[in-house]
Amino acid sequence: HYVVEHDYIPDFPIVTNSGQAYFLETRGNGRSWTPEVRRKMKIVKQTYPDLDIRFLFYTDAKFGGKRKDGTYQTQSEWAEKHGFKYAIKHVPKDWLI
């Protein structure tokens, strides 16, 4: 058993007009959605469960191997499974208020 310590540096720390703070992570198509990125984000969430971390995906890209039903997992499915808010292409207005 060993631990490798890293610092989490979000893409964009956001403070809304109402004073709510969250971190916005931006990801392009599936090529930037590496196993290392996914692992890091799961560990950050486990370590700091109260942080509000959200993803803005350029597209809802497929990644990984083909599942038994012939489909691929998408970035939005991963985000939902691991409890992250997400948006595709545009930041929702209610994220800025």
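Everything quoted here is computed from the prediction, not taken from an experiment.
- Between E77 and R67 there is a salt bridge, since a side-chain N of the basic residue sits under 4.0 Å from a carboxylate O of the acidic one.
- Residues L56 and L24 form a side-chain contact, since some pair of their non-hydrogen atoms from C-beta on lies under 4.5 Å apart.
- Using a 4.5 Å heavy-atom cutoff, the side chains of I14 and F23 are not in contact.
- Taking the side chain as every heavy atom from C-beta outward, R27 and V37 approach each other to under 4.5 Å.
- Hydrophobic clustering of Ile, Leu, Val, Met, Phe, Trp and Tyr side chains at less than 4.5 Å, counting indirect connections, keeps I43 apart from Y48.
- In summary, E36 and R38 do not engage in a salt bridge, as defined by a charged side-chain N under 4.0 Å from a carboxylate O.
- For the atom pair CH2 of W33 and OG1 of T74, the computed distance is 10.5 Å after rounding to the nearest 0.5 Å.
- Atom OG of residue S76 and atom CD1 of residue I88 lie 5.0 Å apart, to the nearest 0.5 angstrom.
- Rounded to the nearest 0.5 Å, atoms CD1 (I9) and CG (D7) are 6.0 Å apart.
- Of the possible polar contacts, one joining the D11 side chain to the T26 backbone as a donor-acceptor pair under 3.5 Å is found.
- Atom CG of D69 has more than 12 heavy atoms from other residues, nucleotides or ligands within 6.0 Å.
- Between R54 and D52 the shortest side-chain heavy-atom distance falls below 4.5 Å.
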- Apply side-chain contact (heavy atoms from CB on, under 4.5 Å) to the pair E25 and M41, showing each step before the final yes or no. CA-CA 10 Å; E25 293 291 330; M41 296 313 302; 4.0 Å; yes
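- In this pair, W78 and H82 present their aromatic rings tilted. The plane angle is within the 30 to 60° band.
- Looking only at side-chain heavy atoms (C-beta outward), L96 and N17 stay at 4.5 Å or farther from each other.
- Taking the side chain as every heavy atom from C-beta outward, Y86 and F57 approach each other to under 4.5 Å.
- Distance alone, capped at 3.5 Å, is enough to place a donor-acceptor pair between the Q75 side chain and the A61 backbone.
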- Query: Is there a side-chain contact (heavy atoms from CB on, under 4.5 Å) between V15 and Q20 once you walk through the steps?
  - Reply: CA-CA 6 Å; V15 178; Q20 179 185 9; over 6 Å; no
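- Between K85 and Y22, every side-chain heavy-atom pair lies at or beyond the 4.5 Å cut-off.
- A cation-pi contact, defined as under 6.0 Å to the ring centre and within 45° of the axis, links K89 to Y58.
- More than 12 heavy atoms of other residues, nucleotides or ligands sit less than 6.0 Å from atom OH of Y8.
- Heavy-atom neighbours of K62 NZ from other residues, nucleotides or ligands within 6.0 Å: at or below the threshold of 12.
- Counting only distance, with no hydrogens or angles, the side chain of K45 and the backbone of F84 share no donor-acceptor pair below 3.5 Å.
- Interatomic distance, CZ of F63 versus OG1 of T34, reported as 10.5 Å (0.5 Å rounding).
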